[in-house]
Amino acid sequence: MATNKHALIRYKLLDKCFSNKWKRYFIDDLIAYCTEELTTYVGSETKVSRRQLLDDITFMRSEAGYQAPIVSMKEGKRVFYRYDSTDFSILKQPLNASEQEQIQQALETLGRIKGIPQLEWLNSVQAKLSSGLKLDQQQKPVISFEENEFLKGLEHLEPLYQFIIHKRILDIKYQGFRQLEPVVYTIHPYYLKQYNNRWFLFGLNEGSGQIQNLALDRIQEIAQLDSLPYKNSAMDFDDYFYDIVGVTNSAEREIEQVILKFSMGRLPYILSKPIHGSQRYKDGVIYLNLRINKELESLVLSFGSDVEVLEPSTFRQTIKEIFANIGQIYS
């Protein structure tokens with residue numbers, strides 16, 4: 001079987017030829033037709049060889065392919081090819097084993113999505129696809145994802161997604177962990193991101209003129225606001241998250257080099273699962289170039305005594321003071 005990227009196109013072209021009961025396609029005719037059509041498709045001359053087409057025919061006939069009833073018929077010293085059945089087409093064939101397995105894997109993945117409201121329709125789609133395609137179902141789950149179906153605020157996820165798509169300004173009643181009373185923010189919503197099993201909304205705060213992130217589990221109410229024009233975002237959120245761990249990006253913080261020394265027991269874990277895209281390893285220590293934020297601080301603390309912050313000195317002092325406070329609690 002040919003494995004190059006034009007194989008499926010050739011199969012469809014050959015299928016069209018073999019289905020034509022009014023014309024006889026000899027091997028030279030098939031070569032000329034496939035070469036012409038592929039050249040048009042690619043935009044540059046793409047020659048199809050005799051060996052290639054014979055391999056394609058062999059594959060199409062096989063059980064691994066389409067079990068196509070391709071017959072070779074002699075006319076003098078030459079041979080032409082067509083389907084033995086005029087009703088056959090590879091486009092009418094059921095999925096092969098490989099295609100069924102890929103779809104099965106996709107359905108199993110869909111089946112593991114839990115706790116996200118407004119996606120109940122996926123259950124119906126999954127059932128219809130499984131039934132219609134006659135796919136064998138696993139009796140027990142074989143894959144799971146880190147989802148907290150009991151997390152508060154998930155009911156806001158789908159409405160916020162729609163508000164972003166349709167560019168609607170929102171008044172969001174919000175109470176952060178450190179806020180004694182809820183506050184109403186006027187937000188131009190732009191982006192949703194999941195981090196550490198929580199969802200966050202990013203948008204332009206109408207009052208401050210700055211990008212703000214709001215945790216969905218701290219949102220109390222959402223109201224659509226029609227009295228102001230929506231301000232489109234010029235923000236590239238790939239760039240926004242590039243220099244940080246997590247979701248907190250403070251424009252006041254400069255990008256710094258963070259140097260961490262890990263224990264030999266923890267180091268292989270860090271090397272296999274980098275903390276940040278900038279991570280480099282040299283002379284027994286880890287180098288990061290990013291903006292220091294609360295998420296990085298929490299991550300470093302989670303490693304306990306397996307890590308020592310070497311630089312910068314201000315970050316080292318912060319971690320030192322936190323551990324000193326912890327020591328007092330357990331003294």
Side-chain angles (χ1 to χ4, degrees), residues 113 115-119 146-258 274-278 288-300 314-315 318:
I113 297 177
I116 300 181
Q118 311 302 326
L119 293 183
E146 185 180 356
E147 289 288 349
N148 183 356
E149 57 189 286
F150 306 106
L151 186 65
K152 294 181 180 179
L154 287 176
E155 68 274 12
H156 301 311
L157 185 59
E158 196 273 341
L160 286 172
Y161 175 83
Q162 296 297 332
F163 286 135
I164 293 172
I165 294 298
H166 296 288
K167 299 183 177 181
R168 298 291 186 262
I169 304 175
L170 306 173
D171 272 346
I172 298 179
K173 188 177 181 181
Y174 185 86
Q175 186 173 4
F177 289 115
R178 297 181 179 180
Q179 293 173 314
L180 299 178
E181 298 291 336
V183 177
V184 176
Y185 296 114
T186 299
I187 300 292
H188 303 255
Y190 297 146
Y191 198 82
L192 289 162
K193 181 178 176 65
Q194 187 182 38
Y195 174 72
N196 198 23
N197 217 13
R198 297 176 73 201
W199 282 94
F200 297 84
L201 170 69
F202 292 79
L204 179 68
N205 185 312
E206 176 71 21
S208 68
Q210 302 293 321
I211 295 293
Q212 182 173 359
N213 76 71
L214 302 174
L216 267 61
D217 55 299
R218 307 307 300 168
I219 293 177
Q220 297 183 358
E221 295 178 11
I222 301 175
Q224 186 172 326
L225 184 65
D226 297 322
S227 59
L228 294 174
Y230 181 87
K231 297 177 182 178
N232 289 307
S233 172
M235 174 69 68
D236 183 331
F237 280 93
D238 287 337
D239 289 342
Y240 183 85
F241 297 114
Y242 186 79
D243 296 318
I244 60 173
V245 169
V247 297
T248 306
N249 191 338
S250 175
E252 290 78 29
R253 298 299 299 262
E254 297 291 333
I255 296 175
E256 300 181 75
Q257 184 176 77
V258 177
I275 294 173
H276 184 257
S278 66
L288 307 170
N289 288 288
L290 39 59
R291 289 188 173 94
I292 297 172
N293 59 12
K294 283 293 184 180
E295 290 93 317
L296 178 64
E297 180 181 300
S298 297
L299 183 59
V300 169
T314 51
F315 188 41
T318 298

Can you confirm whether more than 12 heavy atoms, excluding those of Gln179, are under 6.0 Å from its CD atom? yes
Between CG on residue Leu216 and CD on residue Glu155, distance to nearest 0.5 Å: 8.0 Å
Pro274 meets the side-chain contact (heavy atoms from CB on, under 4.5 Å) criterion, sequence neighbours left out, with Gln279
Taking only residues two or more places apart in sequence, or in another chain, which ones meet Arg218 in a salt bridge (Lys or Arg N to Asp or Glu O under 4.0 Å)? none
Taking the inter-plane angle between the rings of Tyr191 and Phe237 on a 0 to 90° scale, is it parallel (under 30°), tilted (30 to 60°) or perpendicular (over 60°)? parallel
Quick test of your reading: applying salt bridge (Lys or Arg N to Asp or Glu O under 4.0 Å), list the pairs with at least one residue in residues 176-186, sequence neighbours left out, ordered by first then second residue. none
Of all residues at least two apart in sequence or in a different chain, which pass the side-chain contact (heavy atoms from CB on, under 4.5 Å) check with Leu299? Val245, Ile275, Ser302, Phe303
I'd like to check the side chain to side chain donor-acceptor pair (under 3.5 Å) partners of Ser250; sequence neighbours left out, ordered by chain and number. Glu252
Do Tyr190 and Met235 touch side chain to side chain, with heavy atoms closer than 4.5 Å? no
Spacing of CD belonging to Gln212 relative to NE2 belonging to His188, to within rounding of 0.5 Å: 12.0 Å
Measuring from Ile292:CD1 to Gln257:CD, what's the distance to the nearest 0.5 Å? 11.0 Å
Which atom pair, heavy atoms only, marks the closest approach of Arg291 to Arg253? NE-O, 2.7 Å
Strictly by ring pair (Phe, Tyr, Trp, His ring centres under 6.0 Å), give each pair with a member in residues 201-224 just once, sequence neighbours left out. Phe202-Tyr240, Phe202-Phe241
Which residues pass the side-chain contact (heavy atoms from CB on, under 4.5 Å) test with Asn293, sequence neighbours left out? Ile244, Thr248, Glu295, Leu296
Note, Ile219 side chain near Leu160 side chain (heavy atom, < 4.5 Å): yes
With rounding to the nearest 0.5 Å, note down the distance linking CG in Leu157 to CG in Leu192. 6.0 Å
Could you state the interatomic distance from CG (Asp171) to OG1 (Thr186), rounded to the nearest 0.5 Å? 4.0 Å
Within a strict 4.5 Å, meaning less than it, do heavy atoms of the Asn205 and Ile187 side chains meet? yes
With sequence neighbours left out, write down each residue that passes side chain to side chain donor-acceptor pair (under 3.5 Å) with Glu297, or none if nothing qualifies. none
For Ser227, check side-chain contact (heavy atoms from CB on, under 4.5 Å) against everything at least two apart and list the hits. Leu225
Less than 3.5 Å apart, which donor and acceptor atoms pair up between the side chains of residues 161-168 and the rest of the protein, not counting sequence neighbours?
unit_1 : atom_1 : unit_2 : atom_2 : d
Gln162 : OE1    : His166 : NE2    : 3.4
Gln162 : NE2    : Glu158 : OE2    : 3.2
Lys167 : NZ     : Asn232 : OD1    : 3.0
Arg168 : NH1    : His166 : O      : 2.5

Qualifying salt bridge (Lys or Arg N to Asp or Glu O under 4.0 Å) pairs, either residue in residues 223-241, two or more places apart: Glu206-Lys231
In Å, rounded to the nearest 0.5 Å, how long is the span from CD1 of Ile172 to CD of Gln220? 12.0 Å
Lys173 and Pro182 have their tightest heavy-atom pair at CE-CG, 3.8 Å
Under the side chain to side chain donor-acceptor pair (under 3.5 Å) test, residues paired with Arg198 that sit two or more places apart: Asp217
Answer yes or no: is there a side-chain heavy-atom contact under 4.5 Å between Asn196 and Val247? no
List the atom of Ile169, the atom of Pro229, and the distance in Å for their closest heavy-atom pair. CD1-O, 3.1 Å
More than 12 heavy atoms from other groups under 6.0 Å of OH on Tyr242: no
